[in-house]
Undergrad: 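Below you'll find the structure I mean.
Because only heavy atoms are used, hydrogens play no part in the values below, and waters and symmetry mates are left out as well, while side chains stay in. This is a predicted model, so every value here is computed, not measured.
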Amino acid sequence: YYECTPFYYKGDLHTYISVSATPLEGYKLAPMFKNGHDKVYCPVFPIAMVDGVATSRAGVFPTSGSMNTHMANARTYHEKAHTETMAVRISEYMLMLVEFATKDLQTVMQGATAMAYSNDDKAVIGETLVNRIILPKERAERFVIGQTIGIGPNNYTDLVAADRIVTDIVPYDEENTAIYFDGDPVDITEGDIVASRYWINGAAATEVTESSGSIKSNTDAKYPCIWRGRENPWGSAYSAICDILIDAVEAGDSFENTLHYLEDPTKYDNGNITDDYIELNYKLADTGGYIKTLGQDKRYPHVRLPDEVGGSSNTYLADYYYAPTSAGVRAVFAGGSVHVGRLSGPVCFYCDNSPSSSNWYRLAHLF
């Protein structure tokens, strides 16, 4: 975990933000703190299930899944444990805006956001019991040593190999290059697809010596990063936000998206919008796009989700929002992934899946 000291803020996330270590006139306590004295401890790494118990530790692969799975996993650590909250996400966003002095944070630190992820990255040769996959040279050069890969029939499944780390990338012949990986040997069939996955926990935190930065490069979008102790504050994979659910209802050609806030995240009930939830007084934007503004309910000023789109990768908030595209209850994930590039960022919100929907790029943090 990393230690967070109480701070105060004033300003608007859309124009400017100012922070202070002391309660100056006009400043409010950041929402992740209960008072101005007690520090908060946040997890450095995504949840990794080890021996059936949720952990936040380096040297292991994080555990992917649905919102429901992540909340169930968190409770193996403690009955009141949960995933990330909006109060933490927005409080840290305030500090990021000040530290980076821009809303387009990726101009300073890209994170692992534009890694090789394509159904065109196909094995050109079949081999038995090997620790390599051979691709055309121009395809293989898009991968980097140290990253995680999965191999399967498409870029989002790992039926051949999962959670493998690239150990070397060397020429095979004049036209092709071999990507070597760790673990037990596997059978590679011609046409198998290799794709990037989230980095192993600790890839950045054990290498970067500054408070913020990336390994190898801050700008090529292929390497994990760290921000003030938190590994991959955006990129690598999305983080589950546990205290918001969306009720998406068909409204003509789009959806009316009502936000429901859970003050006590320990009362999360398997993705059901229960009486413990409070309906917010603004609607989530009905179409996806780059975020222009974040809505706000004065009762819960820290619950900031997109109410208007129309920006771009380098204007307004410079992060992307995925709107619900079907009716039903929808969960919220934030941050971006290894394959979404300039759509990523601390207020990139993915709101287009049910609480029971699972994918490799959906992770969670243990609070």
Undergrad: Just by modelled atom types, is the Y41 backbone N or O under 3.5 Å from a matching donor or acceptor in the E3 side chain?
TA: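 No: the side chain of E3 does not pair with the backbone of Y41.
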Undergrad: Counting only heavy atoms not in F33, do more than 12 sit closer than 6.0 Å to its CZ atom?
TA: yes
Undergrad: Between D352 and T325, do the side chains contain an N or O donor and an N or O acceptor separated by less than 3.5 Å?
TA: yes
Undergrad: At their closest point, which heavy atom of A204 faces which heavy atom of C225, and how far apart are they?
TA: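 Looking at all heavy atoms of both residues, the closest pair is CB-O, 3.6 Å.
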Undergrad: Does the side chain of L294 come within less than 4.5 Å of L305's, by heavy atoms?
TA: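 Heavy-atom side-chain distance check fails, nothing below 4.5 Å.
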Undergrad: H365 and S239: which non-hydrogen atoms are nearest, and at how many Å?
TA: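 Smallest heavy-atom distance, with atoms named: ND1-OG, 3.0 Å.
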Undergrad: So, does N232 use its side chain to make a donor-acceptor pair with the main chain of G235 at under 3.5 Å?
TA: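 No, the answer is negative, given that no donor and acceptor are paired below the 3.5 Å cut-off.
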Undergrad: List the atom of A318, the atom of S313, and the distance in Å for their closest heavy-atom pair.
TA: CB-O, 3.4 Å
Undergrad: Measure the shortest side-chain to side-chain distance between E127 and I134 over non-hydrogen atoms and say whether it is less than 4.5 angstrom.
TA: yes
Undergrad: Decide salt bridge (Lys or Arg N to Asp or Glu O under 4.0 Å) for E190 and K122; before the verdict, give the C-alpha distance in whole Å, the side-chain angles of both, and the deciding distance to 0.1 Å.
TA: CA-CA 7 Å; E190 183 178 349; K122 297 179 180 180; over 6 Å; no
Undergrad: Tell me whether E210 at atom CD has more than 12 heavy atoms from other residues, nucleotides or ligands lying less than 6.0 Å away.
TA: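 No, not enclosed.
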Undergrad: Using the six-membered ring wherever Trp is involved, compare the ring planes of W199 and Y223 and label them parallel, tilted or perpendicular (cut-offs 30° and 60°).
TA: tilted
Undergrad: For residues 101-125, which residue pairs qualify under ring pair (Phe, Tyr, Trp, His ring centres under 6.0 Å), counting only residues two or more places apart or in two chains?
TA: Y117-H339, Y117-W360
Undergrad: Would you please test D120 and R139 for side chain to side chain contact (heavy atoms under 4.5 Å, CB included) and show each step?
TA: CA-CA 8 Å; D120 293 328; R139 307 300 303 183; 3.5 Å; yes
Undergrad: From I244 CD1 over to M67 CE, what is the distance, rounded to the nearest 0.5 angstrom?
TA: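 Answer for the CD1-CE pair, I244 versus M67, is 10.0 Å.
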Undergrad: Check whether NZ of the Lys or CZ of the Arg R304 lies under 6.0 Å from the centre of the six-membered ring of Y93 and within 45 degrees of that ring's axis.
TA: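 Relative to the ring axis of Y93, which defines the angle, R304 lies outside at least one limit.
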Undergrad: Linking I/L/V/M/F/W/Y whenever any side-chain heavy atoms sit under 4.5 Å apart, do V144 and I133 land together?
TA: no
Undergrad: Between S214 and Q110, is any pair of side-chain heavy atoms under 4.5 Å apart?
TA: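 No - every pair of side-chain heavy atoms lies 4.5 Å or more apart.
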Undergrad: Donor-acceptor check, side chain of D319 to backbone of V347, threshold 3.5 angstrom: yes or no?
TA: yes
Undergrad: Kindly indicate whether the side chain of T113, heavy atoms from C-beta on, has any atom under 4.5 Å from the side chain of R342.
TA: no
Undergrad: Is there a donor-acceptor pair closer than 3.5 Å between any side-chain N or O of H70 and the backbone N or O of R362?
TA: yes
Undergrad: Regarding K137 and E175, does a basic nitrogen lie under 4.0 Å from an acidic carboxylate oxygen?
TA: no
Undergrad: Do the side chains of K267 and Y277 get nearer than 4.5 Å, heavy atoms only?
TA: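 They are not in side-chain contact.
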Undergrad: Using every non-hydrogen atom in the two residues, find where A178 and Y180 come nearest and quote the distance to one decimal.
TA: CB-CE1, 3.7 Å
Undergrad: Would you confirm whether T102, through its side chain, and L105, through its main-chain N or O, come within 3.5 Å as a donor-acceptor pair?
TA: no
Undergrad: Please walk me through it: do R142 and D121 pass salt bridge (Lys or Arg N to Asp or Glu O under 4.0 Å)?
TA: CA-CA 10 Å; R142 297 160 53 249; D121 294 327; 2.7 Å; yes
Undergrad: Same cluster or not: are L343 and I291 linked, directly or through other Ile, Leu, Val, Met, Phe, Trp or Tyr residues, by side-chain heavy atoms under 4.5 angstrom apart?
TA: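 They do not share one cluster, since no chain of ILVMFWY contacts under 4.5 Å joins L343 to I291.
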Undergrad: Counting N and O atoms only, with roles assigned by atom type, does the side chain of E279 sit under 3.5 Å from a partner on the main chain of L259, one being a donor and the other an acceptor?
TA: no
Undergrad: Crowded around N35 CG? As in, over 12 foreign heavy atoms under 6.0 Å?
TA: yes
Undergrad: OG/S212 to CH2/W227 distance, rounded to the nearest 0.5 angstrom?
TA: 7.0 Å
Undergrad: Taking ring-ring contact (aromatic ring centres under 6.0 Å, His included) as the definition, give me every residue that meets it alongside Y320, ordered by chain and number, with sequence neighbours left out.
TA: Y290, Y322
Undergrad: Any non-hydrogen side-chain atom of V44 less than 4.5 Å from a side-chain atom of R230?
TA: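 Counting from C-beta outward, V44 and R230 never come under 4.5 Å.
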Undergrad: Quick one: CG on N73 to CE on M49, what's the gap to the nearest 0.5 Å?
TA: 4.0 Å
Undergrad: Are any of the side-chain heavy atoms of R164 and N131 separated by less than 4.5 Å?
TA: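 A side-chain contact under 4.5 Å exists here.
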Undergrad: Counting the benzene-type ring for Trp, do Y261 and H302 have ring centres under 6.0 Å apart?
TA: yes
Undergrad: Check this for me: does any side-chain nitrogen of one of R197 and D158 sit under 4.0 Å from a carboxylate oxygen of the other?
TA: yes
Undergrad: Ion pair present between E99 and R228, side-chain N to carboxylate O less than 4.0 angstrom?
TA: yes
Undergrad: If you draw a 6.0 Å radius around CZ in F100, do more than 12 non-hydrogen atoms from other residues or ligands fall strictly inside?
TA: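 Counting other residues, nucleotides and ligands, CZ of F100 exceeds 12 neighbours.
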Undergrad: Are V329 and V303 connected, step by step, through hydrophobic side chains (Ile, Leu, Val, Met, Phe, Trp, Tyr) whose heavy atoms are closer than 4.5 Å?
TA: no
Undergrad: Are Y16 and L95 in one and the same hydrophobic cluster, where Ile, Leu, Val, Met, Phe, Trp and Tyr link if side-chain heavy atoms are under 4.5 Å apart?
TA: no
Undergrad: Drop me the distance from N201's CG to F61's CZ, to the nearest 0.5 angstrom.
TA: 9.0 Å
Undergrad: Quick one, L245 and P355 - any side-chain contact, counting heavy atoms below 4.5 Å?
TA: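 When only atoms from C-beta onward are counted, P355 and L245 do touch, with a gap below 4.5 Å.
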Undergrad: Kindly write out the residues that satisfy salt bridge (charged side-chain N to carboxylate O under 4.0 Å, His left out) with D269, not counting sequence neighbours, or none if the list is empty.
TA: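 By the salt bridge (charged side-chain N to carboxylate O under 4.0 Å, His left out) rule, D269 matches no residue at all.
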Undergrad: Report, as yes or no, whether the 6.0 Å neighbourhood of atom OH on Y77 holds more than 12 heavy atoms from other residues, nucleotides or ligands.
TA: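 Counting other residues, nucleotides and ligands, OH of Y77 stays at 12 neighbours or fewer.
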Undergrad: So which atom in A140 and which in T177 form the shortest heavy-atom distance, rounded to 0.1 Å?
TA: CB-CB, 3.6 Å
Undergrad: Let me check something: do Y282 and F349 share a hydrophobic cluster, defined by ILVMFWY side-chain heavy atoms less than 4.5 Å apart, either directly or through other members?
TA: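 Cluster IDs for Y282 and F349 match.
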Undergrad: So, for Y9 and L29, which heavy atoms are closest and what is the spacing to 0.1 Å?
TA: CE2-O, 3.6 Å
Undergrad: So how far is it from T85 OG1 to D264 CG, rounded to the nearest 0.5 Å?
TA: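 Between atom OG1 of T85 and atom CG of D264 there are 11.5 Å.
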Undergrad: Would a distance-only check, ignoring hydrogens and angles, find a side-chain to backbone donor-acceptor pair under 3.5 Å from T315 to S312?
TA: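 It does hold such a pair.
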Undergrad: Mind checking the CD1-SG spacing from I241 to C351? Nearest 0.5 Å is all I need.
TA: 9.5 Å
Undergrad: With a 3.5 Å distance limit and no angle check, can you tell me whether S217 reaches the backbone of D220 through a side-chain donor-acceptor pair?
TA: yes
Undergrad: Using modelled atom types only, decide if a donor and an acceptor are shared between the side chain of D12 and the backbone of H14 within a distance under 3.5 Å.
TA: yes
Undergrad: Is a donor on one side and an acceptor on the other found under 3.5 Å between the side chain of D192 and the backbone of T189?
TA: yes
Undergrad: With a sphere of 6.0 Å drawn around CG of D253, does it hold more than 12 non-hydrogen atoms of other residues, nucleotides or ligands?
TA: no
